[in-house]
Amino acid sequence: MKSKPGIGLREFSSRREELMSMMGEDGIAILPGANLVARNSDVDYLFRQDSDFHYLTGFDEQEAVFVLIPGREHGEALLFCRERDPEQEQWHGKITGPERAMQLYGMDDAFPISDIDDILPGLIEGKSRLYYAMGHQQEFDARVINWVNSIASSQHEGTQPPGEFVQLGHLVHELRLFKSKQEVEVMKFAAAITGDAHRRIMREAEPGMYEYELEAELNHAFLRGGARSPAYPSIFGSGNNANILHYIENDDVMKSGELVLVDAGAEYQCYAADVTRTFPVNGKFSKAQKEIYNIVLAAQEAAIEMVKPGNHWNQPHEAVVRIICQGLLDLNLLEGTLDTIIENETYKKFYMHRTGHWLGLDVHDVGEYRIDEEWRVFEPGMVTTIEPGIYISQDLADVPSRYRGIGIRIEDNVLVTKTGHEVLTSGIPKTIEEIEKTMASKAA
Ligand code: GLY
Ligand code: MN
Ligand code: MN
């Protein structure tokens with residue numbers, strides 16, 4: 001069994017320290033965890049902690065509220081959580097409880113969630129700034145407003161409600177944008193599980209299989225690797241389905257002569273991988289498929305080279321657009337000059353999305369892409385996807401029939417390092433040669 005990486009208690013604590021240094025001593029932050037979501041009667045969706053909450057606590061239970069009070073003498077990091085209850089635990093599994101939360105999660109103090117109305121107003125009182133993500137959880141918003149109002153209404157007793165409300169997300173998201181060594185190790189683990197799964201499906205694909213049969217092979221590899229669920233609904237788009245960007249029905253039969261586009265990444269310890277590979281169902285690319293594939297591959301490789309400190313966030317996209325436009329011009333799928341095609345954006349008929357997004361606890365992770373209207377500059381610790389594509393719908397009557405129904409995307413996850421970049425998802429077959437070789441190596 002591979003040793004499994006994780007985020008240590010000390011790192012969670014240092015994240016809280018960093019947040020406190022951004023908040024200053026006159027503030028209080030309140031952050032509710034995620035709620036269970038009902039799927040139907042008596043059945044809930046698998047619980048997934050709120051990403052900000054997980055980032056600051058590592059505490060992955062429902063009905064919890066985290067409170068951070070920089071400079072508080074009797075403890076700065078406080079957790080409200082469910083109390084232990086043998087009957088509940090018999091039905092629904094373990095509950096940590098406040099006592100153990102202090103020890104296991106490094107909290108300074110912890111209280112039963114049922115006491116929050118009695119305790120929290122007293123903690124808010126006298127603070128001048130309240131850091132809270134208003135608009136995220138409506139019911140909880142109303143409770144926060146009630147607590148603040150209860151302080152305001154008793155002002156004659158000399159109490160003061162906070163005068164300033166600050167969106168907590170801005171601060172936490174700036175921290176989350178920069179991944180630590182431990183986070184990178186966890187993301188590499190998610191990437192490794194994802195790579196194993198993509199290799200497995202390349203070997204298992206056969207004409208005549210349903211897309212969901214191939215998805216079953218991927219899910220098998222995810223679970224075996226330790227990822228309880230994908231980081232997002234997997235896309236298995238064969239033939240023209242690949243041209244539907246968010247196709248998730250995955251219920252078509254895959255035919256010989258078609259490509260299948262698979263966009264699927266594992267979630268490990270709440271961190272996402274986000275990988276796309278496109279390969280021929282019968283194991284051999286046709287000439288037309290090769291022509292389009294190699295344009296996307298060249299664009300993706302050039303874009304990855306653009307990921308380095310000092311370059312700005314849009315440079316990979318600019319590189320992709322130039323290469324895709326030139327490639328489509330060379331195949332007579334676009335008309336005009338390179339510059340007019342780029343200026344008039346006529347390429348969007350074939351390439352209509354952007355080249356990447358931040359990646360981390362969320363698959364489309366937090367963090368600003370622009371600062372003061374300018375594209376953000378890459379800095380070490382950021383992780384972005386690089387995922388160009390070309391999509392030639394079956395319905396494009398003006399395109400030669402050999403190209404119609406081809407949809408290709410290639411996606412990897414790229415860490416910005418001090419000197420350049422590191423591809424976290426490297427080693428997953430990507431060139432035509434690598435893919436055909438992997439597909440030919442299926443078990444006899
Ligand atoms: N899988 C979602 C994306 O590539 O953005
Ligand atoms: Mn993707
Ligand atoms: Mn992506």
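Numbering of ligands and ligand atoms starts at 1, following listing order.
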Review point. Restricting to N, O or S atoms of Glu387, which is nearest to the Mn ion (ligand 3)?
Key: OE2

**Study point:** Residue and atom name of the nearest protein heavy atom (relative to atom 4 (O) of ligand 1), distance in Å to one decimal
**Key:** Glu387 OE1, 3.0 Å

Point to revise | Side-chain ion pair, Glu267 and Arg48, N-O less than 4.0 Å | key: yes

Review point. With a 4.0 Å cut-off on heavy atoms, does Arg409 reach ligand 1?
Key: no

**Study point:** the Mn ion (ligand 3) to nearest N/O/S of Glu411 below 2.8 Å
**Key:** yes

Check your understanding: Under 6.0 Å from the six-membered ring centre of Phe165 and within 45° of its axis: does the NZ or CZ of Arg129 meet both?
Key -> no

Study note, to complete from the structure: Nearest non-hydrogen protein atom to atom 3 (C) of ligand 1, with distance, is Asp274 OD2, 3.3 Å

Practice item. Give a yes-or-no answer on whether the side chains of Asp263 and Tyr232 include a donor-acceptor pair shorter than 3.5 Å. Key: yes

Study note, to complete from the structure: Residues Phe12 and Thr57: closest non-hydrogen pair is CD2-C, 3.8 Å

Exercise for review: Answer yes or no for His357: is there an N/O/S atom below the 2.8 Å cut-off from the Mn ion (ligand 3)?
Suggested key: yes

Review point. Should Val363 be listed as contacting ligand 1, given a heavy-atom distance under 4.0 Å as the test?
Key: no

Point to revise | Distance-only donor-acceptor check, side chains Glu61 and Thr96, under 3.5 Å | key: yes

Review point. Thinking salt bridges, do Arg322 and Asp339 make one under a 4.0 Å N-O criterion?
Key: yes

Practice item. Please name the atom of Asp274, restricted to N, O or S, that is closest to the Mn ion (ligand 3). Key: OD2

Point to revise | Which of the ligand 1 atoms, numbered from 1, are nearer than 4.0 Å to a heavy atom of Glu411 | key: 4 (O)

Point to revise | His54 and Tyr271 aromatic ring geometry - parallel, tilted or perpendicular at 30°/60° bounds | key: perpendicular

Practice item. Among all protein heavy atoms, pick out the one at the shortest distance from atom 5 (O) of ligand 1; state its residue, atom name and that distance to 0.1 Å. Key: His364 NE2, 2.6 Å

